[in-house]
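Just the heavy atoms: all of them, side chains too, but no hydrogens, waters or symmetry mates, feed the values below.
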Amino acid sequence: MIFKPQLARWIPVHKPAGMSSHDVVAIARRQLWHKKIGHSGTLDPAVTGVLVLALGKATRLIQYLKGEKAYRARVRLGISTSSYDLTGEILDEQAVPALSEADLKQALASHLGTRIQIPPMVSARSVQGKRLYQWAREGVELPDRPGREITISQIELISWESPDLCFEVRCSAGTYIRSLAHDLGQQFGCGAALAQMQRTQANQFDLADCADLDSLRLLTEEPNPGVAVDYPLQHLAQIQLTETQQVLDWVHGKRLDWAEGIPTGPIRVYTPEGLLAGLAEAEEGQIKPKLGMLVPAN
């Protein structure tokens, strides 16, 4: 039986300012002549940097990517806004206190680790069946909006020239750097808002890996455009099928007996020819199909 491999690739692009992530996807669909394109994590229109596009069946793998991301942010002290960044309505302005680099480094370091973060009112988080930005448009403030557990694994001061401080941060998926800016303003007692931000890394891709939007059309000249589907999935365990019957059973969604030690968590499953057959999970000495696909791994 012959299986026809399907398209599954990644294309990290450098998103420019003034454009939504949805806009980038729309441009990519036109440039690449491909309808099935998604992305691995939204960037606000004012934010630039790494936006990872998924082509074809790679869209089904987005949830399995490593979620950690890195940003370079510039925060302006002395100003508070409705959106926690400079695009929002100005709510208050205060004098910026005299701060030393030691003060700033200590404040930044206090955010290291895991904690509960409250999202900005102007954000896409859903509360009571509506996006927070929809509540905000209706003039409703939800002071008790639920937070989310986030982790900041690294944060470093880059520069300080009052009223602006610049830092680099590495954090878990779902972290709002705008909320971090707001919290810093509260610590200093003068308010703060995010002035500028660039995502420097996402899902194991960094800026050096990114294509410009203007050059996407050139990728259509390549037989396998973008990055291999396997590249950002190396953190997942893997097994390889050895028999044609195993592949047939897999394609039909059957569980497979597996005498060898089965890894925990999502497992990459490969055909004898090296195609990525999909993802599985272990269950009582068997591997259970979790996500089926037959795509070139490289």
Keeping His235 on the side-chain end and Tyr64 on the backbone end, is there a donor-acceptor pair under 3.5 Å?
yes
Check whether any side-chain N or O of Ser172 sits under 3.5 Å from a backbone N or O of Thr151 as a donor-acceptor pair, and report yes or no.
yes
Does any part of the side chain of Trp10, heavy atoms only, come nearer than 4.5 Å to the side chain of Leu55, both counted from C-beta?
no
May I ask you to check whether over 12 heavy atoms, not counting those of Gln286, lie within 6.0 Å of atom CD?
yes
Single-linkage hydrophobic cluster Ile158~Val75, side-chain heavy atoms < 4.5 angstrom:
no
Supply the atom-to-atom distance Leu7 CG to Lys57 NZ, rounded to the nearest 0.5 angstrom.
10.5 Å
Could you tell me whether a side-chain N or O of Arg145 sits under 3.5 Å from a main-chain N or O of Pro119, the two making a donor and an acceptor?
yes
In terms of heavy-atom contacts, Gln117 and Ile150 come closest through CB-CG1, 3.7 Å
I need the minimum non-hydrogen distance between Ala107 and Ser110, along with the two atoms involved.
O-OG, 2.5 Å
Can you check whether Pro45's main-chain N or O pairs, donor with acceptor, with Lys15's side chain at less than 3.5 Å?
yes
Asp206 side chain to Ala208 backbone, donor-acceptor under 3.5 Å
yes
Is a donor on one side and an acceptor on the other found under 3.5 Å between the side chain of Arg178 and the backbone of Ser83?
yes
Any heavy-atom pair between the side chains of Glu168 and Gln154 that's under 4.5 Å?
no
Atom pair OG1/CG of Thr81 and Leu91 - distance to nearest 0.5 Å:
6.5 Å
Go through the structure and list residues passing side chain to side chain donor-acceptor pair (under 3.5 Å) with Arg76, not counting sequence neighbours.
Asp164
Would you call the rings of Phe205 and Tyr231 parallel, tilted or perpendicular if under 30° counts as parallel and over 60° as perpendicular?
tilted
Main-chain N/O of Gly292 paired with Arg60 side-chain donor or acceptor, under 3.5 Å:
yes
Is it the case that the side chains of Gln187 and Asp183 hold a donor-acceptor pair, with the cut-off being a distance below 3.5 Å and no angle test?
no
Judged by atom type as modelled, is there a donor-acceptor pair below 3.5 Å linking the side chain of Thr200 to the main-chain atoms of Ala70?
yes
Would you list the pairs meeting side-chain hydrogen bond (donor to acceptor under 3.5 Å, both in side chains) in which at least one residue belongs to residues 28-37, sequence neighbours left out?
Gln31-Arg217
On a heavy-atom basis, which atom in Arg268 and which in Leu233 lie closest, and how many Å separate them?
NE-O, 3.3 Å
